[in-house]
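The structure appears right after this line, and notes come after that.
We name chains A, B, ... by the order of the sequence lines, and we start the count at 1 in each one.
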Number of protein chains: 2
Amino acid sequence: MRASRERGDLYAPDCPSRAVLDHVTSRWGVLVLVSLLGGPHRFSELRRLIVGVSDKMLSQTLKLLQHDGFIARDAFLEMPLRVEYRLTSSGVQVAERLAVLTEWIEDSIGAIEGARPK
Amino acid sequence: MRASRERGDLYAPDCPSRAVLDHVTSRWGVLVLVSLLGGPHRFSELRRLIVGVSDKMLSQTLKLLQHDGFIARDAFLEMPLRVEYRLTSSGVQVAERLAVLTEWIEDSIGAIEGARPK
DNA sequence: CAGTATCCTCAATGATACTG
DNA sequence: CAGTATCATTGAGGATACTG
């Protein structure tokens, strides 16, 4: 059993690591991953928690991160339908690292100069 | 002397922390910040290092991060003109946190499922 | 070298409506 | 509830040419 020993190179545009970086640092990807550190969440919960995201973008982001293996989807055949999203083990790894960043930003925002968008 | 005691909230769409997060996690922002952890770099050096970035996007990214106070620009009036970009103290804080993420991705890319773009 | 100025294009994003 | 489908928008991003 061997996982690839090859290391990624973010500075090479064609390296898959660049795509993965883009996924996890995408506009909604960061917030989705960090949200799920608090435990599994339903679609509608994420929708409400991450203010501003649309159905479409949330769905798309979840699919992308599922495909990368960071998120798992559990569907319960109840009535009404219930679906939960949770972090996989590698998902926890990235999410924890992202959380260190987002928490620093939240804590330091008062000291940051031009926090203005646009 | 007091810096704002207010904490940011990334889940609020209008909170400045969201804009800052977008800046530092932007496509080229991550790579620029992490690159500068290795010391000051000239424009052309960054351009060559971060394969795929255009003059325009590099310039734009540098300006945005300067405005946020993460990067400083030093111009030396030599001939030919020399300009160096370096991390500020808060820039070092974010860059270090980003590097933890990027290094994990580079190391783990072999084990990540769908590292496919698009 | 270190950028800026223009033009252009496509893909990311969002609003709306609909489905299982 | 948990999405998908469609359409419209726009702005991020890139190519090219030019400047101090």
From the list [options], which nucleotide is the closest neighbour of the side chain of [X]?
X: B:Trp28; options: D:dG14, C:dG14, C:dG3; value: D:dG14
X: B:Leu81; options: C:dG3, C:dC1, C:dG14; value: C:dC1
X: A:Lys56; options: D:dT4, D:dC7, C:dT6; value: D:dC7
X: A:Gln60; options: C:dT4, D:dA2, C:dT13; value: C:dT13
X: A:Arg27; options: C:dG14, D:dT4, C:dA2; value: C:dG14
X: B:Lys63; options: C:dT13, C:dT4, D:dA2; value: C:dT4
X: A:Pro80; options: C:dG14, D:dC1, D:dT4; value: D:dC1

Touch class at under 4.0 angstrom, heavy-atom based, for B:Tyr85 against every strand present: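 The answer is sugar-phosphate, as B:Tyr85 gets under 4.0 Å only of primed atoms, P, OP1 or OP2.
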Sugar-phosphate, base or nothing in reach of B:Arg47, heavy atoms under 4.0 Å: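 It contacts nothing in the nucleic acid.
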Length of the line joining [X]:[atom1] and [N]:[atom2], which is rounded to integer Å:
X: B:Glu84; N: C:dG3; atom1: CD; atom2: C1'; value: 16 Å
X: B:Glu78; N: C:dA2; atom1: CD; atom2: C1'; value: 13 Å
X: A:Leu77; N: D:dA2; atom1: CG; atom2: C1'; value: 13 Å
X: A:Leu62; N: C:dT13; atom1: CG; atom2: P; value: 14 Å
X: A:Ile50; N: C:dT13; atom1: CD1; atom2: P; value: 14 Å
X: B:Leu58; N: D:dA12; atom1: CG; atom2: P; value: 17 Å

Under-4.0 Å salt bridge between B:Glu84 and B:Arg86: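 Result for this pair is no, no salt bridge flagged.
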Residues B:Arg7, A:Glu106: salt bridge by 4.0 Å N-O rule: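 Salt bridge present between B:Arg7 and A:Glu106.
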Nucleotide paired to C:dG20 in any strand shown, Watson-Crick or G-U, under 3.5 Å: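 Paired with C:dG20, as far as the under-3.5 Å criterion goes, is D:dC1.
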Please confirm whether the shortest side-chain N or O distance from [X] to OP1 or OP2 of [N] is below 4.0 Å.
X: A:Ser54; N: C:dA15; result: no
X: B:Ser59; N: C:dA2; result: no
X: B:Arg42; N: C:dC1; result: no
X: B:Ser26; N: D:dA12; result: no

Residue met sooner reading DNA chain C from 5', once A:Gly52 and B:Phe43 are mapped to nucleotides: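 The residue whose closest nucleotide sits nearer the 5' end is B:Phe43.
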Give me the atom names and distance for the closest heavy-atom approach of [X] to [Y].
X: B:Leu37; Y: B:Ala99; answer: CD1-CB, 3.7 Å
X: A:Val51; Y: B:Arg18; answer: O-NH2, 2.6 Å
X: B:Gly69; Y: B:Ser90; answer: O-OG, 3.2 Å

Same apolar cluster: B:Val24 and B:Met57, side chain cutoff 4.5 Å: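 Linked, B:Val24 and B:Met57 end up in one cluster.
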Whichever of A:Arg73 and B:Val53 has its nearest DNA chain D nucleotide further upstream toward 5':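 The residue mapped nearer the 5' terminus is A:Arg73.
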